[in-house]
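Residue numbers begin at 1 in each chain, while the letters A, B, ... track the order of the sequences. All values below come from the heavy atoms of this structure, side chains included, with hydrogens, waters and symmetry mates left out.
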There are 2 protein chains.
Amino acid sequence: MKKASLKDIAQQAGVSTALVSYVLNGKEKETRVGEAIAQKIRLIAKELNYQPNHLAKSLRSGKTHTIGLIIADISNPFFANIARVVEDEAKKNGYTVIIGSCDEHAEKSWDLLNVLINRQVDGFIIVSCEGSENQVHYLKERNIPFVLLDRHFPEIQTDFVATNNYKASYDAGIHLIKSGYSKIGIMAYKSNMYHMEERVRGYKHALRDNHIEFHDAWLKEVHFETMDSEVRTAIDEILASEQRLDAMIFATYGLAINALKYINELRLKVPSDMAIVSFGQAEVFDLYYCPITYVRQPLEMLGKTSVEFLLKKLKNPEEGMKQILMEAKLIARESSKAKAVAAG
Amino acid sequence: MKKASLKDIAQQAGVSTALVSYVLNGKEKETRVGEAIAQKIRLIAKELNYQPNHLAKSLRSGKTHTIGLIIADISNPFFANIARVVEDEAKKNGYTVIIGSCDEHAEKSWDLLNVLINRQVDGFIIVSCEGSENQVHYLKERNIPFVLLDRHFPEIQTDFVATNNYKASYDAGIHLIKSGYSKIGIMAYKSNMYHMEERVRGYKHALRDNHIEFHDAWLKEVHFETMDSEVRTAIDEILASEQRLDAMIFATYGLAINALKYINELRLKVPSDMAIVSFGQAEVFDLYYCPITYVRQPLEMLGKTSVEFLLKKLKNPEEGMKQILMEAKLIARESSKAKAVAAG
DNA sequence: ATAGAATGCTTAATCGTTTAAATTAAAAAT
DNA sequence: ATTTTTAATTTAAACGATTAAGCATTCTAT
């Protein structure tokens with residue numbers, strides 16, 4: 001049994017497709033369709049289990065009610081969760097989301113962008129990866145609506161929804177200092193992306209404001225692709241140095257996971273051998289023998305707001321630029337508890 | 001600047017859209033397009049950065065090159081990962097995947113099904129939830145191609161790709177018994193889904209084959225929606241009973257996570273207080289103070305094969321029914337290590 | 001020279017909708 | 001008895017692509 005189309009209904013009802021379209025779209029009033037014929041049309045539609053063809057609708061209207069979501073790394077649970085939020089929120093508004101992960105590769109991101117543009121998505125929500133500025137410019141030029149999520153480029157004027165990473169990292173530093181730690185390192189991705197730089201900057205300022213001198217060796221930058229080995233090397237270096245750190249901030253979930261694995265192998269104890277605060281959030285942090293203190297980003301709000309911004313823009317393309325920085329919250333757990341000797 | 005269409009190219013080249021279509025689809029030979037004009041068309045297409053409109057193509061061809069993937073619970077990392085595999089594999093073959101999670105609700109699954117059918121997906125890959133048999137029948141009647149993934153209904157003849165859950169669970173039981181445990185419980189979802197029943201059956205047979213009497217109190221069934229509290233109650237009961245269990249099998253990842261959280265709260269030690277084997281896989285199991293023994297399902301193969309089956313069916317709808325059961329592998333870790341007194 | 005084949009291109013229908021404009025018929029106003 | 005309004009419906013173009021069929025040319029063979 002083939003799918004029923006407007007035509008089929010029209011034939012059965014003995015009317016033109018226009019009438020059917022009007023009735024089924026609730027425009028009977030404006031277009032003055034007779035009550036009797038309207039009833040008949042609705043009945044036949046139900047009988048044939050009519051389902052409109054989205055392709056045809058979209059082709060005609062130029063709107064697909066589809067959002068392209070490009071995520072820098074879907075294997076990161078933070079992003080996976082944010083994707084869920086975006087999907088749910090979009091669905092609530094009658095939009096479908098097509099998700100793609102570029103795995104932190106600008107090239108892949110570019111491919112995705114094109115595939116999704118071909119698929120006629122109405123707009124994009126993008127967690128940008130390094131080196132994708134040109135793509136942002138492209139979207140602006142082509143006048144394709146989009147919102148940057150979680151990461152943005154301060155030098156490009158765009159809509160965005162992101163976390164105040166500077167503040168989050170600053171808070172993490174302050175928290176460790178207040179808990180009695182003073183030799184505090186940070187591990188981050190080697191990257192010139194703004195959100196990463198902000199995390200390092202916040203950490204540095206926390207030290208500075210507490211008259212702790214920052215040493216270059218305290219900042220460990222590793223490459224995303226070769227994280228596995230570089231994290232180990234970095235931790236080896238930290239342990240070998242005379243200035244033995246007593247606490248570390250991990251700027252991302254992935255770094256923390258890799259580091260924790262290695263720390264376990266080395267039989268180091270958290271927090272006595274090393275206190276830890278990490279960005280990102282996941283069940284792992286709860287179930288680790290020593291629950292990990294982490295920076296909780298307003299995941300739900302980030303996702304929802306990004307959808308909200310985009311949909312507003314889709315409804316009214318003239319809408320002004322929307323930018324928002326949301327505050328993260330430090331969730332203190334065992335992994336950063338006050339040093340025995342220090343003040344509680 | 002608006003998107004260029006075939007018409008735009010045709011106008012610039014001073015030819016009909018037919019020629020442009022032929023050239024850009026590589027049919028110049030069959031349709032005998034002049035070499036000079038073909039060159040010109042290709043050049044103009046490049047200049048205008050022509051991107052074909054998928055909607056129009058699909059409307060015409062009846063093929064969207066889109067697969068609907070309905071997942072029972074995307075918050076389960078096993079499913080999240082399998083979704084990734086499906087997506088990657090589909091992309092390799094030029095297909096886009098639209099993912100939806102029904103959160104184990106048949107009703108939601110039904111909605112998703114309809115939304116995706118409206119979107120004209122070419123076929124489905126489905127991780128079914130309880131009570132969705134009617135949906136499977138519907139797809140069969142409507143002759144819409146689909147493959148069931150991970151879960152299937154033995155009483156309905158369909159294509160499917162799944163794990164041999166009976167064997168996996170049997171192996172888990174044997175492993176615990178060989179490691180010296182004898183009072184072995186299992187926690188599962190209260191469900192009459194086949195995959196769940198098979199897991200319980202496999203466990204029971206492992207006991208039987210080793211002359212261990214199964215007690216009803218050893219099987220704890222909890223509801224998916226109220227898992228949080230019911231898992232706790234179940235564990236409380238186990239601890240309170242005179243027949244104190246020394247090992248447990250968790251039939252799903254979600255159950256294991258909830259149980260481990262509670263076990264931690266109770267300060268029980270794994271495996272000395274209770275050995276554990278769990279289905280599912282995730283980083284948590286690695287980073288837990290005592291790495292968790294788990295059943296590794298052939299995630300990659302499951303995902304890839306399901307795509308393969310579906311695409312074959314799309315290419316040739318007359319293709320015969322394909323069913324496959326894949327073997328899981330038990331990954332032994334600390335959480336089920338041999339009891340001190342028992343044989344190593 | 002001329003039928004027939006080969007070549008190169010256009011026409012027009014089609015997929016399933018939407019919607020402005022045209023048409024017709026009936027009712028109301030003159 | 002006309003004209004004007006109002007109501008109810010149809011027509012047809014459009015969205016952007018594909019493709020079978022048709023129409024001119026030019027070339028080849030008789």
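Each of D:dT10, D:dT18, D:dT9 was ranked by its minimum atom distance to the side chain of A:V33; first place goes to D:dT9. You'll find that the side chain of A:A56 is closest to C:dG16, out of D:dA17, D:dA12, C:dG16.
Atom-to-atom, CG of A:N118 to P of D:dA17 comes out at 10 Å; the value is rounded to the nearest Å. Rounded to a whole Å, the CG atom of B:L19 is 8 Å from the C1' atom of C:dG8. D:dA8 atom C1' lies 12 Å from atom CD1 of A:I41, rounded to whole Å. As a whole-Å value, the separation of B:N25 CG from D:dA17 C1' is 9 Å. Atom pair B:E30:CD and C:dT7:C1' shows a separation of 15 Å (rounding to whole Å applied). The interatomic distance linking B:L59 (CG) with C:dT14 (C1') rounds to 9 Å, in whole Å. The distance from atom CZ of A:R32 to atom P of C:dT19 is 17 Å, rounded to the nearest whole Å. Look at CD on B:Q11: it is 12 Å from P on D:dG16, rounded to the nearest Å.
If you check every strand for non-hydrogen atoms under 4.0 Å, A:S61 touches nothing. Contacts of B:I37 with the nucleic acid, taken as non-hydrogen atoms under 4.0 Å apart, involve only primed sugar atoms and P, OP1 or OP2.
Taking the six-membered ring for Trp and thresholds of 30 and 60 degrees, A:W110 and A:Y138 have ring planes more than 60 degrees apart, a perpendicular arrangement. Ring geometry for A:H152 against A:Y194 counts as perpendicular: the plane angle is over 60°, on a 0 to 90° scale with 30° as the lower cut.
Residue order along DNA chain C, read from the 5' end via each residue's closest nucleotide, puts B:S16 first among A:T17 and B:S16.
Put simply, B:Y50 has a side-chain N or O that comes within less than 4.0 Å of OP1 or OP2 on D:dA17. Residue A:S21 has no polar side-chain atom (N or O) positioned under 4.0 Å from OP1 or OP2 of C:dT17. The side chain of A:K7 contributes no N or O atom lying less than 4.0 Å from OP1 or OP2 of C:dT17. For B:K57 and D:dG16, the shortest distance from a side-chain N or O to OP1 or OP2 is not below 4.0 Å. For B:N53, no side-chain nitrogen or oxygen approaches OP1 or OP2 of D:dC15 to under 4.0 Å. Using a 4.0 Å cut-off, no side-chain N or O of A:S5 falls inside it from OP1 or OP2 of C:dG16.
Side-chain atoms of B:E28 never come within 3.5 Å of backbone atoms of B:E35 as a donor-acceptor pair (strictly under, hydrogens ignored).
Other residues, nucleotides and ligands contribute over 12 non-hydrogen atoms within 6.0 Å of the CD atom of A:E133.
Side chain B:Y22 to base D:dA17: no donor-acceptor pair is found below 3.5 Å.
Inter-residue side-chain proximity for B:V161 and B:L148 is flagged as unmet; no heavy-atom pair is nearer than 4.5 Å.
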